[in-house]
Every structure is written in C-alpha cells, then in structure tokens.
Amino acid sequence: IGQDNLAMTIGRQGGTVGAEGWDVAFCSSHPSDLNLFRRGGNVLFPLWLLPEHDTLDPAKNVRHPNLDPRYLKALADALGLGVTPPFGLPKGVTPEDIFHFIYPVLHAPTYRSRYAEYLRSDFPRIPLPTDTQTFHALAALGEKLVALHLLRDPALAQGGPTYPVSGDHLVEKLRYEPLKDGQSGKVWINATQYFDGIDPETFAFRIGGYQVLDKWLKDRKGRALTIDDIAHYRKIALALARTRELMRELDGMAQPLFAQTKAAY
C-alpha cells in the first residue's frame, strides 16, 4: 500500500460495531490498524498485489490487480465488453475504475438498507452494473468520494468550519451546540474555543461504528491542538459534509443496480 495503491477496508459482520446502519467500509492508501472500526475486525483489500515470493529483481516483481477473474468476466459481460490481457480486465476499464465503481455502491443508502440483513453477518456483495454509462458515472463519483476520504481533494483546503477564538487550544470538555436561531452548530473543545459551522447530521456521521468528529477530539483529550490539527479537523468536517451530499447523489444514480434480481458478486 502506498501513494500508487489503494485499498478498501471492509468489516465482515457489520452488526458487530453496534451502529444502527451498516457503515463498515472505508478506503486507505496505507496499511490500517485492525481496530479501525469499533470492536475491530476490518479486513484490508489492496487493489494491487506483488507476487507472494518477490525478489530483488524488479522485472520479476510485477504487480497484478487483486480482482477475481470470475468477477472480471461477469463485469465484462454486463458491460458488453471483451476482456483484455494480461489480467482479463474489461476492454477500456482499469483496476482503478473498478475500485471507484465498487466504493460508492457500498455507500449508497439504498444498498445499505436493502441488504441490511445480509450485511450484518457477511462481507458485502457487489451488484453488476446495468450498462457502461452507469458504470462510468458511478466510477467518476467514486473517484471523488475516495479523494474526500483520503483528504486528497484540493477543495478541502478551503471552506469548512471556522475556528474563530484564540486561546490555549486545549481539548478539555467536549460538547456539541446544535443549530439554533439561524446560527451554525458549534463543537466546543473547552469553555471558550470551538469549531463553528458543523451541522448536526455531519457531526453525527459515523464510519465503522464511530462518530467521526466526536471520536477524533476525544482521542486528543488533554492535549493542545496544533495548527496542523486544527486544519486537519476542518478538512475532516468538510469531507464528511460532502460525503453526505455525494451519498444522496449516488443513491439515485445506482438505483438500477439494486432493482436486479440476479445475484451480486
């Protein structure tokens, strides 16, 4: 895993994290801790693999996509495309395209609700796309979602909640002050300092059973936030707000996939 690789981190039994809905899906460009999700159990699926018995000879360390040939064939058939050597990918489709297609499907609210019972006990299965247009539209949206979750989207450098009051930046007593009288929601870190402009839905947003914005600060209780910490928290809040927007958009886009009766992969 690294800057030139991606991985999905998935929970096998979504119910174990104790969340109301299934939310044990995330992405990474680095190895992740087994306890990334609440109560642990996440499994890392890298997109690219090296041979099991790699050598010092770069010519023999040829990486290959971590994609089942049976899935690639089914995907090619669904898209009406032939397969191409050496990996059996659908013609004109890259491993990254497939990653970016799968990732937003796992975040579609309809997917999570329709397959809720199954997702409580096993790994998620991926419905096949109905046509190339839907596949590429979802892949484009998935690329945006991945960039948000890896905090690589350049747009995250601007906007997001403000941090308007100077002080010692010490994380002491956390509390959320919801929207009221036209004012924006605030996340207080002590008696005088707060992040301003976080709506209740974004503050409540969970990944892997954790309420992200609350847990991030609780993990730093008793510490003073640095300038980089403050900027990082603002990016996370903005990324979560935009994730919620994309989830609403992709839910409508992915509806044809969930209307199928054939088994998912």
Colleague: Using the salt bridge (charged side-chain N to carboxylate O under 4.0 Å, His left out) criterion, which residues pair with Lys180? Sequence neighbours excluded.
Modeller: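 If we apply the salt bridge (charged side-chain N to carboxylate O under 4.0 Å, His left out) test to Lys180, skipping adjacent residues, the hits are Glu177.
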
Colleague: Give me the atom names and distance for the closest heavy-atom approach of Ile236 to Leu213.
Modeller: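 So the minimum-distance heavy-atom pair works out to CG2-CD2, 3.8 Å.
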
Colleague: Do Gln158 and Leu238 touch side chain to side chain, with heavy atoms closer than 4.5 Å?
Modeller: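 Contact flag for Gln158/Leu238 side chains = no.
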
Colleague: Are the side chain of Asn42 and the backbone N or O of Thr9 linked by a donor-acceptor pair below 3.5 Å?
Modeller: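 No.
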
Colleague: Do the side chains of Phe87 and Pro95 get nearer than 4.5 Å, heavy atoms only?
Modeller: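 No - every pair of side-chain heavy atoms lies 4.5 Å or more apart.
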
Colleague: Would a 4.5 Å heavy-atom cut-off, applied to side chains only, mark Phe101 and Leu257 as touching?
Modeller: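 Answer yes - side chains close enough.
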
Colleague: Step through the shown structure and confirm whether more than 12 heavy atoms of other residues, nucleotides or ligands are within 6.0 Å of CD on Glu245.
Modeller: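 Counting neighbours around CD of Glu245, more than 12 heavy atoms of other residues, nucleotides or ligands fall under 6.0 Å, so yes.
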
Colleague: Tell me the closest heavy-atom pair linking Leu170 and Asn190, and the distance in Å.
Modeller: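 Taking Leu170 first and Asn190 second, the nearest heavy atoms are O-ND2, 3.0 Å.
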
Colleague: Would you check if Pro65 and Phe99 make a side-chain contact, meaning some heavy-atom pair closer than 4.5 Å?
Modeller: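 A side-chain contact is absent here, since even the closest heavy-atom pair is not under 4.5 Å.
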
Colleague: Going by the salt bridge (Lys or Arg N to Asp or Glu O under 4.0 Å) test, which pairs reach into residues 79-108, not counting sequence neighbours?
Modeller: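 Pairs touching residues 79-108 that pass the test: none.
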
Colleague: Using the rule that two of Ile, Leu, Val, Met, Phe, Trp, Tyr join whenever any of their side-chain heavy atoms come within less than 4.5 Å, decide whether Leu47 and Val43 are in one cluster.
Modeller: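 Yes: a chain of side-chain contacts under 4.5 Å links Leu47 to Val43.
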
Colleague: Taking C-beta and beyond as the side chain, do Phe135 and Pro90 meet within less than 4.5 Å on heavy atoms?
Modeller: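 A side-chain contact is absent here, since even the closest heavy-atom pair is not under 4.5 Å.
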
Colleague: What are the two closest non-hydrogen atoms of Pro46 and Ala7, and how far apart are they?
Modeller: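 Heavy-atom minimum between the residues: CA-CB, 3.7 Å.
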
Colleague: Using a 4.5 Å cut-off between side-chain heavy atoms of Ile, Leu, Val, Met, Phe, Trp and Tyr, which other residues end up in the same hydrophobic cluster as Trp188?
Modeller: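 Other cluster members: Val165, Tyr194.
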
Colleague: Is there a side-chain contact between Thr132 and Val93 in this structure, where contact means two heavy atoms from C-beta onward sitting under 4.5 Å apart?
Modeller: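 Counting from C-beta outward, Thr132 and Val93 never come under 4.5 Å.
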
Colleague: Is any side-chain heavy atom of Tyr71 less than 4.5 Å from a side-chain heavy atom of Leu128?
Modeller: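 Yes; the side chains approach each other to less than 4.5 Å.
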
Colleague: So, using ring-ring contact (aromatic ring centres under 6.0 Å, His included) as the criterion, who are the partners of Phe195 when residues are at least two apart?
Modeller: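 Applying ring-ring contact (aromatic ring centres under 6.0 Å, His included) to Phe195 gives Tyr163, Tyr233.
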
Colleague: Please name all residues satisfying side-chain hydrogen bond (donor to acceptor under 3.5 Å, both in side chains) with Ser166, sequence neighbours left out, ordered by chain then number.
Modeller: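 Counting only residues at least two positions away or on another chain, Ser166 forms no side-chain hydrogen bond (donor to acceptor under 3.5 Å, both in side chains).
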
Colleague: Please enumerate all residues that pass salt bridge (charged side-chain N to carboxylate O under 4.0 Å, His left out) together with Asp68, with sequence neighbours excluded.
Modeller: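 If we apply the salt bridge (charged side-chain N to carboxylate O under 4.0 Å, His left out) test to Asp68, skipping adjacent residues, the hits are Arg70.
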
Colleague: Could you tell me which residues satisfy salt bridge (charged side-chain N to carboxylate O under 4.0 Å, His left out) with Lys221, sequence neighbours excluded, listed by chain and number?
Modeller: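 Residues passing salt bridge (charged side-chain N to carboxylate O under 4.0 Å, His left out) with Lys221: none at all.
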
Colleague: Is the His149 ring parallel, tilted or perpendicular to the Tyr103 ring (thresholds 30°, 60°)?
Modeller: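 Because their plane-to-plane angle is over 60°, the rings of His149 and Tyr103 count as perpendicular.
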
Colleague: Could you note down all residue pairs passing salt bridge (Lys or Arg N to Asp or Glu O under 4.0 Å) where residues 130-148 supplies at least one of them, sequence neighbours left out?
Modeller: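 Every pair satisfying salt bridge (Lys or Arg N to Asp or Glu O under 4.0 Å) with a residue in residues 130-148: there are none.
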
Colleague: Who passes salt bridge (charged side-chain N to carboxylate O under 4.0 Å, His left out) against Asp214, sequence neighbours left out?
Modeller: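 By the salt bridge (charged side-chain N to carboxylate O under 4.0 Å, His left out) rule, Asp214 matches Lys218.
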
Colleague: Scan residues 187-204 for pairs that pass salt bridge (Lys or Arg N to Asp or Glu O under 4.0 Å), counting only residues two or more places apart or in two chains.
Modeller: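 Matches after skipping sequence neighbours: Lys186-Asp196, Asp199-Arg244.
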
Colleague: So if you build clusters from Ile, Leu, Val, Met, Phe, Trp, Tyr with side-chain heavy-atom gaps below 4.5 Å, do Leu106 and Tyr118 land together?
Modeller: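 Not linked; separate clusters.
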
Colleague: Indicate the atoms forming the closest heavy-atom contact of Ser32 with Leu44, along with that distance.
Modeller: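 Where Ser32 meets Leu44 most closely, the heavy atoms are OG-CD1, 3.6 Å.
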
Colleague: Does the side chain of Leu6 reach to within under 4.5 Å of the side chain of Cys27, using non-hydrogen atoms?
Modeller: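 No, every pair of side-chain atoms sits at 4.5 Å or beyond.
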
Colleague: Considering all heavy atoms of both residues, which atom of Gln255 and which atom of Thr110 are nearest to each other, and what is their separation?
Modeller: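 Smallest interatomic distance, heavy atoms only, reads NE2-OG1, 2.8 Å.
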
Colleague: Can you check whether Pro109's main-chain N or O pairs, donor with acceptor, with Ser113's side chain at less than 3.5 Å?
Modeller: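 The answer is yes, because a donor-acceptor pair under 3.5 Å joins these two groups.
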
Colleague: Treating Asp251 as the side-chain partner and Ala108 as the backbone partner, does any N or O pair qualify as donor plus acceptor under 3.5 Å?
Modeller: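 Looks like no, no N/O pair under 3.5 Å.
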
Colleague: According to side-chain hydrogen bond (donor to acceptor under 3.5 Å, both in side chains), does anything in residues 74-90 pair up with another residue at least two apart or in another chain? List the pairs.
Modeller: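 Passing the test, one end in residues 74-90: Lys73-Asp77.
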
Colleague: Taking it one step at a time, do Leu72 and Val83 satisfy side-chain contact (heavy atoms from CB on, under 4.5 Å)?
Modeller: CA-CA 8 Å; Leu72 293 178; Val83 296; 5.8 Å; no

Colleague: What's the separation between atom CG in Asn5 and atom NE2 in His30, rounded to the nearest 0.5 Å?
Modeller: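 These two atoms lie 10.5 Å from each other.
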
Colleague: Which salt bridge (Lys or Arg N to Asp or Glu O under 4.0 Å) pairs, counting each pair once, include a residue from residues 223-241, with sequence neighbours left out?
Modeller: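 Output for this query is empty, none listed.
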
Colleague: So which atom in Ser29 and which in Leu150 form the shortest heavy-atom distance, rounded to 0.1 Å?
Modeller: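 Result for this residue pair: N-CD2, 3.9 Å.
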
